[in-house]
Structures are given as C-alpha cells and as structure tokens.
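Okay, structure first, notes after.
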Amino acid sequence: MKQNPVDQAVETLCLKGCKALWADIAFMENGGILPELEDLDHAQRMQVLAEIKSIMAVYEGSCSL
C-alpha cells in the first residue's frame with residue numbers, strides 16, 4: 001500500500017532529528033520550501049508544517065524533555 005505523500009514527508013523530516021526539525025519549522029514559517037516538500041502543493045506543505053509542529057509541541061521549543 002502506497003503511503004500518503006504528506007505522511008511520507010512528515011516521516012522523512014522527522015528522521016532528520018530534533019534540532020533539524022526545529023530549523024525546518026522556522027524555515028517553513030518564513031515561507032521557505034524544503035527540498036523534501038518540493039513535489040507537494042501549498043496545501044500539502046501547510047499540512048506537513050502543522051503536523052510537525054504538533055509532533056514537536058511536546059518539546060516546547062527545545063530538544064530535551
């Protein structure tokens with residue numbers, strides 16, 4: 001079964017690690033398009049951003065609990 005492109009992108013980004021993910025969130029919030037998301041449309045990229053922000057919310061802006 002083929003994975004949803006948004007889910008696949010979230011999974012790929014999360015593999016980069018905590019610090020890289022915070023940097024990616026900041027980059028995306030400033031209008032940047034990550035290379036991993038170039039094949040997604042704007043709505044899909046915004047969905048990825050929302051999902052990774054939700055995932056990272058438990059870290060409250062840092063990479064330690």
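As a basis for the values below, the full set of heavy atoms in this structure was taken, side chains included, without hydrogen atoms, waters or symmetry mates. Everything numeric in this text was worked out from a predicted model, so none of it was measured.
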Decide yes or no for [X] and [Y]: does some side-chain heavy atom of the first lie under 4.5 Å from some side-chain heavy atom of the second?
| X | Y | value |
| --- | --- | --- |
| M28 | I25 | no |
| V48 | E36 | no |
| L49 | L37 | no |

Between Q44 and P5 the two heavy atoms that sit nearest each other are NE2-CG, 3.9 Å
To the closest 0.5 Å, what do you measure between [atom1] ([X]) and [atom2] ([Y])?
| X | Y | atom1 | atom2 | result |
| --- | --- | --- | --- | --- |
| I52 | E11 | CD1 | CD | 13.5 Å |
| C14 | L21 | SG | CG | 5.0 Å |
| L40 | M46 | CG | CE | 10.5 Å |

Look only at the side chain of T12 and the backbone of Q8, and say whether a donor-acceptor pair between them is shorter than 3.5 Å.
-> yes
Do R45 side-chain atoms and I33 backbone N/O form a donor-acceptor pair below 3.5 Å?
-> no
Crowded around D39 CG? As in, over 12 foreign heavy atoms under 6.0 Å?
-> no
Look at the side-chain heavy atoms of Ile, Leu, Val, Met, Phe, Trp and Tyr, link any pair under 4.5 Å apart, and say whether L13 and L15 land in one connected group.
-> no
